[in-house]
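First the structure, in the form of structure tokens, and then the observations on it.
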2 protein chains.
Amino acid sequence: MKEVTLKQIAENLGISITTVSKALKDYPDVSKKTKALVKKEAKKLHYKPNVFAVNLRTKESKTVGLIIPEVVHHFFSSVINGIIEQAEKKGYLVIILQSNESYKLEKKQIDLLISKRVDGIMISLANKTVDISHLKRVKELEIPLLMFDKISKMIDCSKVVINDREAAYAATKHLIDTGCKRIAHFRGALLPQNSIDRFLGYKKALEDHGLKYDSSLVYICENVDYNDGINAAKQLLEDHDDVDGIFTITDLAAIGAISVFNEKGIRVPDDISIMGFSNWFVSSAITPSLSTVDQPGYEMGKVAFKQLYKEMKARRKHEDFEPRTIVLETKLIKRNST
Amino acid sequence: MKEVTLKQIAENLGISITTVSKALKDYPDVSKKTKALVKKEAKKLHYKPNVFAVNLRTKESKTVGLIIPEVVHHFFSSVINGIIEQAEKKGYLVIILQSNESYKLEKKQIDLLISKRVDGIMISLANKTVDISHLKRVKELEIPLLMFDKISKMIDCSKVVINDREAAYAATKHLIDTGCKRIAHFRGALLPQNSIDRFLGYKKALEDHGLKYDSSLVYICENVDYNDGINAAKQLLEDHDDVDGIFTITDLAAIGAISVFNEKGIRVPDDISIMGFSNWFVSSAITPSLSTVDQPGYEMGKVAFKQLYKEMKARRKHEDFEPRTIVLETKLIKRNST
DNA sequence: TTGGCAGGCGAAAACGTTTTCGATTATTAT
DNA sequence: ATAATAATCGAAAACGTTTTCGCCTGCCAA
């Protein structure tokens with residue numbers, strides 16, 4: 001049971017490999033008759049081109065690499081979904097790697113993708129990534145690169161993001177609009193741009209609406225998860241008794257906080273309003289359902305691949321390409337926690 | 001800025017390509033002196049073998065394909081996590097495809113993976129998959145194949161599963177042990193083996209403990225999601241007023257049900273106990289926290305890749321390989337909903 | 001001297017494709 | 001008739017690696 005190759009078909013038909021190859025790709029210098037013959041024989045033998053040979057010859061793998069901090073994460077898995085769907089449509093496959101928020105791993109994975117000769121790389125940076133020489137290298141090798149969600153401003157490449165600052169501003173403003181006077185913020189780690197921007201949006205909203213910014217109302221949720229939310233909420237209850245609103249960097253932290261308040265008999269939103277971020281679909285399932293900002297993960301993945309695709313196409317044709325930054329719309333979702 | 005190749009190194013050193021290649025791979029018929037020389041030069045030039053050429057020559061891609069019904073899903077994304085981590089350790093990359101529970105897509109994706117010449121394929125079947133000729137073809141081509149979670153008994157290959165029947169039995173028994181007398185079941189679609197097995201476990205547990213099985217207490221949650229849980233719960237409340245326990249096929253459905261009961265003022269677990277399945281981590285975050293069965297996704301992914309790796313290794317050495325079915329342990333998790 | 005052997009190296013084939021550049025024939029214009 | 005043009009085809013190089021097989025040199029034993 002040997003593999004079917006162009007050679008095989010050529011021999012069967014008594015013509016050259018060249019002609020077979022060209023016939024299958026509809027080159028204009030092959031007669032209709034020969035084309036028909038070749039295609040028939042190819043179909044009969046179930047001919048499938050050997051991608052390894054094609055790759056070698058064309059220097060393309062029709063594969064892109066994707067590096068994200070965490071796979072088990074509603075937002076990122078939505079992005080993955082958007083990416084692989086779009087990629088498949090365009091005939092590309094996606095290799096997924098997880099940096100676990102580690103800079104070292106991220107760097108290693110970039111090397112891995114380069115050595116695998118993917119046609120493009122999409123990445124959402126690890127929180128701990130500050131050195132970006134590994135990404136510079138990608139640019140030097142002229143491998144199309146796209147960053148999404150967690151990006152670095154130091155790299156000139158296409159980007160897909162939301163306007164974290166504006167979204168956080170809107171979220172905080174919503175709390176103010178519903179009557180909150182003293183609003184705390186559960187923020188993320190200090191480094192990531194997202195975390196900074198959401199914090200700045202929060203701060204600006206306060207200042208624009210005559211509420212004084214108080215740094216003692218800002219709590220850091222290092223891992224931005226459920227337990228962080230629990231701990232921050234407990235700490236908050238110890239530190240302050242006059243807080244009537246919280247804006248959290250992520251739904252998970254908000255849910256953690258809500259569970260604390262539920263337990264202690266503090267009513268949400270009567271005693272304290274809570275605003276999440278991301279619109280993780282569980283937010284609508286908890287009691288009370290969580291007001292939040294919708295962060296379009298699936299859409300982001302889709303747009304991101306489309307943009308990368310454009311760049312890969314340009315590169316193939318040796319055209320030059322102008323990187324773009326695409327900002328996606330977020331949406332304020334009002335539910336029962338505010 | 002040309003690519004560095006073996007030829008390049010050979011020319012620089014005035015030796016043959018053959019010797020360079022062999023030196024880099026520590027062949028015994030190259031002198032230590034030459035090896036050192038070659039390695040030094042290779043490092044200096046940052047030589048990286050061209051995988052396309054290596055693939056073509058060795059007929060291996062060091063890549064495996066993974067097909068799952070849904071990426072945005074706690075259990076499956078955990079499996080992905082386990083797989084890619086383990087794969088990376090062994091020098092393999094993972095291409096992820098999503099069947100969206102569609103048989104047609106699944107079939108197409110298998111073809112895609114075959115034509116990409118992956119070294120192995122891992123799959124969790126779409127619910128609608130009954131025809132398995134596409135999987136037979138994988139076997140015929142002697143591509144190592146592994147099925148996990150949603151498997152087919154008609155295919156002889158390695159499998160990694162949990163004992164759904166036993167786990168469901170234990171879950172139902174737990175409801176019985178805590179005093180439930182009339183226990184409903186929110187089951188999944190009719191076809192999938194999982195769904196059948198969990199149903200059978202539920203039924204058997206009833207019968208073994210002197211409770212009569214009543215088919216009117218079984219509700220079908222076609223998509224096994226949050227809304228299904230809501231609808232089933234509402235229907236249940238219309239149909240029956242004496243039910244004091246529910247075993248749901250998945251946490252999501254359980255959470256949907258809980259939200260209905262919360263709304264209607266029906267107390268969980270005082271009026272009705274609820275038992276989920278999967279131990280989706282949100283289950284511990286809701287009120288009341290959900291008793292459930294822990295389904296080890298990460299572990300399953302890890303074990304699955306390891307097993308596939310063994311088969312790929314055997315295949316490379318042309319040894320024959322005995323497929324194995326590995327059954328992973330589940331764990332009953334008692335929380336506040338029972 | 002001859003033979004055998006080991007160590008070190010390289011020529012060349014092979015993997016299967018794509019594409020350039022001629023070559024050959026058939027057709028048309030002059 | 002000749003020249004120019006169009007239509008078809010194929011030889012061969014190229015992509016970069018791996019691996020088989022044989023060659024050469026030097027050494028030792030008989």
Side-chain angles (χ1 to χ4, degrees), chain A residues 1-39 41-42 45-63 91 114-117 119 141 316-318, chain B residues 1-39 41-42 45-63 91 114-117 119 141 316-318:
Chain A
M1 218 178 52
K2 280 280 290 170
E3 294 272 353
V4 185
T5 65
L6 292 181
K7 193 174 163 193
Q8 184 64 247
I9 298 176
E11 278 169 7
N12 287 9
L13 260 41
I15 58 179
S16 78
I17 294 176
T18 307
T19 305
V20 175
S21 172
K22 288 200 276 200
L24 289 174
K25 314 192 89 201
D26 273 325
Y27 270 55
D29 63 344
V30 177
S31 71
K32 287 194 190 292
K33 220 169 100 186
T34 316
K35 276 183 188 169
L37 229 60
V38 169
K39 285 179 180 171
E41 185 71 10
L45 301 185
H46 300 109
Y47 169 75
K48 291 275 158 52
N50 182 321
V51 273
F52 294 160
V54 175
N55 287 348
L56 177 60
R57 193 43 233 242
T58 62
K59 297 176 182 308
E60 280 186 344
S61 60
K62 291 281 178 188
T63 300
I114 291 175
S115 76
K116 272 278 171 175
R117 286 180 145 75
D119 297 341
L141 294 172
R316 197 169 42 216
K317 297 185 186 170
H318 304 100
Chain B
M1 219 177 55
K2 281 279 291 172
E3 293 272 353
V4 185
T5 66
L6 291 181
K7 194 175 162 192
Q8 183 65 247
I9 298 178
E11 278 169 7
N12 287 8
L13 261 40
I15 58 179
S16 77
I17 295 177
T18 308
T19 305
V20 174
S21 172
K22 288 200 277 199
L24 289 174
K25 316 192 87 199
D26 273 326
Y27 272 54
D29 63 346
V30 178
S31 71
K32 286 193 190 294
K33 219 169 102 186
T34 315
K35 277 183 190 169
L37 231 57
V38 168
K39 286 179 181 170
E41 185 71 10
L45 301 184
H46 300 110
Y47 168 75
K48 290 275 159 52
N50 182 320
V51 272
F52 294 160
V54 175
N55 288 346
L56 178 60
R57 195 39 236 240
T58 61
K59 298 176 183 306
E60 279 186 345
S61 61
K62 290 281 179 188
T63 300
I114 291 175
S115 75
K116 272 278 172 175
R117 286 181 145 75
D119 297 342
L141 294 172
R316 198 170 39 216
K317 296 186 187 168
H318 304 101

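In the text below, chain A, chain B and the rest are named by the order of the sequence lines, each starting its count at 1. Basis for what follows: all heavy atoms, side chains included, without hydrogens, waters or symmetry-related copies.
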Phosphate OP1/OP2 of dG16(D): any Lys59(A) side-chain N/O under 4.0 Å: yes
Rounded distance (nearest 0.5 Å) linking atom CD of Glu41(B) with atom CG of Asn12(B): 4.5 Å
Nucleotide of dG16(C), dA11(D), dT17(D) approaching Ser16(A) most closely (side-chain heavy atoms): dA11(D)
Listed partners of Lys317(A) passing side-chain contact (heavy atoms from CB on, under 4.5 Å), at least two apart: Lys313(A), Glu319(A)
Euclidean distance, atom CG of residue Leu13(A) to atom C1' of dG10(D) [Å, nearest integer]: 15 Å
Residues which pass salt bridge (Lys or Arg N to Asp or Glu O under 4.0 Å) with Asp26(A), listed by chain and number, not counting sequence neighbours: Lys35(A), Lys39(A)
Between dA14(D) (C1') and Glu3(B) (CD): distance, integer Å: 15 Å
Distance below 4.0 Å between Thr34(B) side-chain N/O and dC9(C) OP1 or OP2: yes
Arg117(A) CZ to dC15(D) C1', straight-line distance once rounded to whole Å: 11 Å
Closest-nucleotide ordering on DNA chain C, the 5'-leading residue of Thr18(B) and Thr19(A): Thr18(B)
salt_bridge(Glu3(A), Arg117(B)) N-O dist < 4.0 Å: yes
Atom-pair distance (CG on Leu56(A); P on dT17(D)), nearest Å: 9 Å
Side-chain donor/acceptor of Lys33(B) to base of dG8(C), under 3.5 Å: no
d(CZ, Phe52(A); P, dG16(C)) in whole Å: 11 Å
Value in whole Å for how far the P atom of dC9(D) lies from CG of Leu37(A): 10 Å
Rounded interatomic separation in angstrom, taking NZ from Lys35(B) and P from dC9(C): 10 Å
Sugar-phosphate, base or nothing in reach of Lys22(B), heavy atoms under 4.0 Å: base
Ser31(B) side-chain N/O to dG7(C) phosphate OP1/OP2 under 4.0 Å: no
Sugar-phosphate only, base, or nothing, as touched by Pro49(B) at under 4.0 Å among non-hydrogen atoms: sugar-phosphate
Close side-chain approach of Val38(A) to Leu13(A), heavy-atom, < 4.5 Å: yes
Sugar-phosphate only, base, or nothing, as touched by Ser21(B) at under 4.0 Å among non-hydrogen atoms: base
Short side-chain N/O contact to dT20(D) OP1/OP2 from Tyr27(B), under 4.0 Å: no
Most 5' of Asp29(B) and Thr58(B) on DNA chain D, judged by nearest nucleotide: Thr58(B)
Rounded interatomic separation in angstrom, taking CD1 from Ile17(B) and P from dC15(D): 11 Å
